[in-house]
Every structure is written in structure tokens, then in C-alpha cells.
Participant: 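Here you go, one structure.
Starting from 1, each residue takes its place in the sequence as its number. Only heavy atoms go into these numbers, but all of them, side chains included; no hydrogens, no water, no symmetry mates.
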Amino acid sequence: MNNKLNAISTFLCVADAGSFSAAARRSGMKQSAVSQQVAALEQELGVVLLHRTTRTMKLTEQGERYRRDMQLLLDAMREAEGRLAPVDRQFQGSVHIQLPSGLGQLVLPHLLELQRLHPELHLRISLDDRLADLVTEGVDVAIRLSSEPPQAHAARVLARIEAALFASPGFQAVHDVSELTTLPHVRFSGIPLDAPLRLISDEETIAVNVNTVFRANTSDALLQALEAGIGIGGMQRPLAARALQTGTLVPVLPDWRLPDRFLYAVYPDARFIPQRVRKVVSVIEQLLIERAEHAPAK
């Protein structure tokens, strides 16, 4: 059994390193020994895990599937051993986390402090509004903002995020939703240009065709456009909070809001979520709770 575990570890090393020679250098083994272990594993399994040529090496479809499953298995073994260690040692190992650019900026200082307190924790943070392929990009957890849970992966709700309309103080006053059809509007570029703006009040939900004059793919760019007086636009309340406090933004039509969205922690595989990943997500979740408790009244 021990020999098979060693062979599996060697195979994973080859898959990660991209070649037998690189895996040999990384593991301190001879290249011939690395090749022999992988060949013996393939013979025992009765499948080809790697396509080899004189210049390239590529995982077969079965090899890719086996790599994912065995990585989960070895991670689970390490996790079980880690639970025997003191609690402070549970914050160790690498965690690749993807965050929306706007909310990520709010969370980032707290994650940096977490790593400072736990030097054995190695964070890799992607601030990206793009939806990453969690498996191929090696993302351990993605924090995603959506109106409904993702279908392809396991997900857990962390918070409900409200959004409303804002503009700069110098922008002309708006008294009725009908005025939005002609006034310049700022919008996320992921929304189709001709998609109507949905607004909700205590009594009704309406759809308004707006005059979009500026689009951007990050929350920070949208926020700056609003503060610059380019137009009116929707913004998540946590992202607008500081601008409201400093007076660079003001609410528009406060009796109306955009549909609520939810912040999800999305995992590539629900069968095994490492404790270090759960711990990092819990820090983010607690921060969101604290911000909600101290949010100014609407």
C-alpha cells in the first residue's frame, strides 16, 4: 500500500510539474525512477495515464480524472492528520481564492492580516469579476455574486447583498423613475446593452430602459465613473458605503432598489473541502456579518 501511495504521489508530481525531468528535480528522485513508478502504476490500473512523446507529455482523459480523484484523496489524508494538530496549525497550506474585484478590495486587508498572523498559510488571491473555471485554474474557493446559486458546483450562501442607485452630488436631481429613460446611465459591461434596468419598491417591480453611456467590467471603474458625474448607476451598498460617508456619492430614488443578489462560496468539489479553505471562508463570512451589523441605516 505504501508503494502505491508513493507511486500516486509521484504521478501527481509529474502531472503538476509538466514533465518527468521537472518532477525528478522537484522530488529529488532520478528521472528513471519517476518514470518506472508511473509505468508500474499504469500497469496496475490497466490504463494509460500519460501520453508521452520525446518532447511532450500530456494527461489522458482517464489520467486527468484519476489526478483529480487522487489529489482529493491525498488532501483528505493530510486533512485528517492536520485535525490531530493544535487549532492554530489548521491555518496552514495554500489556498487559491477568487473574489469579485469590488468586494475583494474590502476583504483583502483582513486576509492579509490573517496570513500575517499565520505565516504557514499561503494565500493566492485573484480579484476578478470573470467567472473562472475552478478545476482547470486550480481555484480552491470562488466568492461569487449572483441572483441564484451556481449549477455546476457546490455552493453556500454567505450573505445577501443589496444594491441601489447612486450618483455624484452635482448630478441633476431625479424625482421619478420615468426620468431614468433619458438620463445618462453607468452600467456593468457584463449586462447586455439593451437589457432593461429592474427596480423594486415596497409595492412593485418595474423594468426601465436606460440610456447607458458608460460601461466597465470592474466595480472600481463603475464607482469612479459615478463619482466623476458621468451618470446614474447601480452599486452594491457595501461598495458605496465609503463614498456615501465622504459625500462623493448620494442616493438616487431611495424608495427604489435593484434586485438583491447573494454572495456564494463556490467550491470545485463538494466531496472534500480542506479545513484551511473552510477557515478562510469563515473569516470572510464573519467580516460580512460585522459590516452588515454596522451598516448605516438606509
Side-chain angles (χ1 to χ4, degrees), residues 1-85 89-98 115 118-126 128 130-142 150 152-154 265-281:
M1 182 57 141
N2 212 27
N3 288 338
K4 186 170 184 179
L5 285 175
N6 288 336
I8 292 171
S9 296
T10 299
F11 163 68
L12 293 176
C13 185
V14 172
D16 184 55
S19 71
F20 288 94
S21 58
R25 289 192 297 270
R26 184 178 296 184
S27 62
M29 299 169 60
K30 291 183 178 180
Q31 183 173 335
S32 58
V34 171
S35 180
Q36 288 169 6
Q37 284 199 15
V38 174
L41 181 62
E42 289 178 317
Q43 185 173 5
E44 181 176 346
L45 296 173
V47 298
V48 175
L49 299 173
L50 296 164
H51 285 309
R52 309 164 178 83
T53 68
T54 55
R55 294 187 177 182
T56 63
M57 179 220 78
K58 184 179 179 181
L59 288 169
T60 64
E61 183 179 346
Q62 290 171 309
E64 179 59 38
R65 190 182 309 120
Y66 189 71
R67 182 196 66 78
R68 288 199 300 266
D69 289 344
M70 290 303 100
Q71 190 64 65
L72 286 169
L73 176 63
L74 292 186
D75 283 346
M77 290 175 61
R78 295 188 190 101
E79 188 72 14
E81 293 171 352
R83 290 196 188 101
L84 303 176
R89 291 189 59 195
Q90 293 180 9
F91 279 109
Q92 60 178 321
S94 63
V95 176
H96 183 185
I97 178 170
Q98 184 196 43
Q115 179 157 344
H118 303 279
E120 293 185 343
L121 175 67
H122 299 159
L123 294 176
R124 178 184 171 191
I125 296 176
S126 302
D128 198 342
R130 174 184 59 91
L131 298 181
D133 186 319
L134 304 188
V135 175
T136 59
E137 297 184 34
V139 177
D140 294 303
V141 60
H153 300 289
V266 185
Y267 304 97
D269 198 314
R271 292 175 294 175
F272 174 68
I273 303 171
Q275 189 69 10
R276 63 185 181 276
V277 176
R278 294 181 187 272
K279 289 286 188 181
V280 171
V281 172

Participant: Minimum heavy-atom separation for V38 to F11, with atom names?
Facilitator: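 Taking every non-hydrogen atom into account, CG2-CA, 4.1 Å.
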Participant: What distance separates E64 CD from K58 NZ, expressed to the nearest 0.5 Å?
Facilitator: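 It is 10.5 Å, given to the nearest 0.5 Å.
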Participant: On a heavy-atom basis, which atom in L123 and which in Q115 lie closest, and how many Å separate them?
Facilitator: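 Answer, listing the atom of L123 first, then Q115: N-OE1, 3.0 Å.
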Participant: Between S9 and L5 (side chain of the first, backbone of the second, donor and acceptor by atom type, cut-off under 3.5 Å), is there such a pair?
Facilitator: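 Here the side-chain-to-backbone pair exists.
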Participant: Hey, is the main chain of G93 close enough, under 3.5 Å, to the side chain of H122 for a donor-acceptor pair?
Facilitator: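 No: the side chain of H122 does not pair with the backbone of G93.
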Participant: Are L41 and L45 close enough that some pair of their side-chain heavy atoms sits under 4.5 Å apart?
Facilitator: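 Yes. Closest side-chain heavy atoms under 4.5 Å.
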Participant: Shortest non-hydrogen contact from L50 to E42?
Facilitator: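 Shortest heavy-atom contact: N-OE2, 3.1 Å.
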Participant: For F20 versus V14, what's the shortest heavy-atom pair and its separation?
Facilitator: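 Of all heavy-atom pairs spanning F20 and V14, the closest is CD2-CG2, 4.1 Å.
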Participant: For the atom pair OG1 (T60) and CZ (R65), what is the distance rounded to the nearest 0.5 Å?
Facilitator: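 These two atoms lie 8.5 Å from each other.
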Participant: Could you tell me if the side chain of L59 sits less than 4.5 Å from the side chain of R67, heavy atoms only?
Facilitator: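 Result yes, sub-4.5 Å side-chain heavy-atom pair found.
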Participant: Work out which heavy atom in K30 is nearest to a heavy atom in A24; give both atom names and the distance.
Facilitator: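 So the two residues come closest at C-CB, 4.1 Å.
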Participant: For a 4.5 angstrom cut-off between non-hydrogen side-chain atoms, does V139 reach I97?
Facilitator: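 Not in contact.
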Participant: What closest approach, in Å, do L12 and Q71 show between heavy atoms, and which atom pair accounts for it?
Facilitator: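 So the minimum-distance heavy-atom pair works out to CD1-OE1, 3.8 Å.
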Participant: Counting N and O atoms only, with roles assigned by atom type, does the side chain of D140 sit under 3.5 Å from a partner on the main chain of H96, one being a donor and the other an acceptor?
Facilitator: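 At least one qualifying donor-acceptor pair exists.
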Participant: Can you confirm whether Y267 sits close enough to V281 that some side-chain heavy atom of one is under 4.5 Å from a side-chain heavy atom of the other?
Facilitator: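 Answer yes - side chains close enough.
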Participant: Backbone N or O of I273 within a donor-acceptor pair of the R278 side chain at under 3.5 Å?
Facilitator: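 Here the side-chain-to-backbone pair exists.
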Participant: Kindly say whether S94 contributes a backbone atom to a donor-acceptor pair with the side chain of R276 at under 3.5 angstrom?
Facilitator: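 Yes; at least one donor-acceptor contact below 3.5 Å.
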Participant: Any luck finding a side-chain donor-acceptor pair between Q37 and T10 under 3.5 Å?
Facilitator: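 Result is yes, a qualifying pair exists.
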